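Report on the following structure.
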There are 2 protein chains.
Amino acid sequence: MDPLDSEILGVLREDARISYRDLGVRVGLSANAAADRVRKMVRDGVIRGFTTLIDPTADSRAGLLVFIDITLRPDTTNEEFERVALRLPGITEVVHVTGAHDYLVRARAADPTALNALLGTLKREAGVAQSHTRIALRAAIDGPTR
Amino acid sequence: MDPLDSEILGVLREDARISYRDLGVRVGLSANAAADRVRKMVRDGVIRGFTTLIDPTADSRAGLLVFIDITLRPDTTNEEFERVALRLPGITEVVHVTGAHDYLVRARAADPTALNALLGTLKREAGVAQSHTRIALRAAIDGPTR
DNA sequence: CATGAAAGATGAGCAAA
DNA sequence: TTTGCTCATCTTTCATG
């Protein structure tokens with residue numbers, strides 16, 4: 001990847017609401033040039049979106065945060081599982097990891113009922129053999145960026 | 001929390017770069033009223049920041065993504081651990097979870113050496129008794145929001 | 001890079017709690 | 001009286017060619 005684009009991504013990850021003008025200053029570009037690069041990365045899917053990090057203790061609507069260890073059935077491929085999992089509501093991360101299980105899935109659910117539904121769907125439609133769910137009691141940091 | 005603020009957070013989580021005018025339209029406020037509420041939430045720490053979701057396969061600089069299961073030493077409090085862990089470089093999430101371990105920590109490291117250093121620091125300075133690290137082989141989704 | 005259009009910030013006035 | 005909203009205005013930033 002272009003090192004300038006990479007630099008732009010770094011700035012945008014720190015502050016997604018920065019103006020194109022300031023972004024340009026940070027990376028040594030004109031506002032327009034910076035804006036063009038950002039727009040291009042959005043078009044190309046490199047930038048998936050701009051989001052807001054919210055203090056988990058302040059957001060009452062947050063619901064449950066869970067981490068699910070997943071073991072796939074032998075007849076299920078990683079691609080199949082990922083394709084289905086990506087479309088399920090509340091799933092925020094799907095990572096193929098080393099260790100005893102195949103995947104670690106991070107998800108949010110409004111309440112235990114919704115969580116139960118999510119787990120059921122994973123088993124029925126995503127080729128999941130076993131799942132171990134860990135529920136977040138408290139999130140000191142809650143977010144991907146830093 | 002104010003239901004309007006909560007609604008604003010919902011919109012901002014979907015698109016952190018939305019204009020205050022459009023944000024106002026979405027929640028039934030004027031641009032200024034919406035902007036004031038956002039600024040207030042930033043001041044109060046409810047909004048921790050605005051960030052950008054990047055396609056993990058496109059970001060070459062990403063390095064290693066790891067999930068670390070942590071068991072604390074009996075003489076370490078959650079507060080102590082969190083206080084130290086929050087300041088370590090690369091740690092993107094610190095969550096107190098149910099199950100056999102105390103915490104699940106999500107982190108990025110530039111390379112195995114940096115990962116090793118991070119684990120060493122956790123043991124030495126954060127009161128960690130045991131850690132089990134799972135390394136991401138592939139991240140289908142990489143990000144917290146949806 | 002210039003230009004019209006959009007968005008952001010600021011202050012005055014007003015209404016409701 | 002305090003808080004929160006709107007409106008008007010001025011400045012900055014954005015998008016297009």
Side-chain angles (χ1 to χ4, degrees), chain A residues 1-63 92 110 141-146, chain B residues 1-62 92 141-146:
Chain A
M1 157 170 319
D2 185 306
L4 257 174
D5 282 343
S6 194
E7 221 179 310
I8 287 174
L9 290 180
V11 174
L12 283 179
R13 223 159 53 161
E14 285 172 27
D15 178 13
R17 277 189 78 86
I18 192 173
S19 74
Y20 289 135
R21 188 174 168 279
D22 290 349
L23 175 60
V25 170
R26 289 278 298 273
V27 303
L29 245 47
S30 77
N32 282 347
D36 284 344
R37 280 171 179 263
V38 172
R39 279 190 283 263
K40 179 169 184 306
M41 286 193 281
V42 170
R43 262 205 322 277
D44 295 351
V46 174
I47 291 176
R48 294 200 163 168
F50 304 99
T51 190
T52 301
L53 300 175
I54 297 162
D55 181 353
T57 65
D59 186 10
S60 49
R61 301 182 323 162
T92 54
I141 312 184
D142 169 17
T145 321
R146 218 173 59 169
Chain B
M1 157 170 319
D2 187 305
L4 257 174
D5 282 344
S6 194
E7 222 179 310
I8 287 173
L9 291 180
V11 174
L12 284 178
R13 224 161 48 164
E14 284 172 28
D15 178 12
R17 276 188 80 87
I18 191 173
S19 76
Y20 288 134
R21 271 180 183 71
D22 291 349
L23 176 59
V25 170
R26 290 278 297 271
V27 302
L29 284 178
S30 76
N32 280 347
D36 283 345
R37 280 170 178 264
V38 171
R39 280 190 284 262
K40 182 170 183 304
M41 286 193 281
V42 171
R43 263 205 322 278
D44 296 350
V46 174
I47 291 176
R48 295 201 163 168
F50 304 98
T51 191
T52 301
L53 299 176
I54 298 163
D55 181 355
T57 65
D59 186 10
S60 50
R61 303 181 318 164
T92 53
I141 313 185
D142 169 18
T145 319
R146 219 173 55 166

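Model, not experiment: these values are computed from the prediction. The sequence lines fix the lettering, A, B, ..., with proteins before strands; numbering per chain opens at 1.
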So, do [X] and [Y] sit near enough that their side-chain heavy atoms are less than 4.5 Å apart?
X	Y	value
B/Arg43	B/Lys40	yes
B/Leu12	A/Arg17	yes
A/Leu29	A/Arg37	yes
A/Leu9	A/Val46	yes

Using the side-chain contact (heavy atoms from CB on, under 4.5 Å) rule, pick out the option among A/Asp36, A/Asp2, A/Ile47 that qualifies with A/Met41.
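Output: one option passes, namely A/Ile47.
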Identify the two heavy atoms, one from B/Phe50 and one from B/Ala16, that lie closest to each other, and give their separation to 0.1 Å.
CD2-CB, 3.8 Å
Of all heavy-atom pairs between A/Glu14 and A/Arg26, which one has the smallest distance, and what is that distance?
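In terms of heavy atoms, the two residues are closest at OE1-NH2, 3.4 Å.
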Need the bend value for the helix from C/dC1-D/dG17 to C/dA17-D/dT1: angle between end axes, 5 pairs each end, nearest 10°.
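End axes: 30° apart.
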Spell out protein contact along nucleotides 3-17 of chain D as letters: B when the base is contacted, S when just the sugar-phosphate is, - when no protein heavy atom is under 4.0 Å; keep the 5' to 3' order.
--SBBB----SSBB-
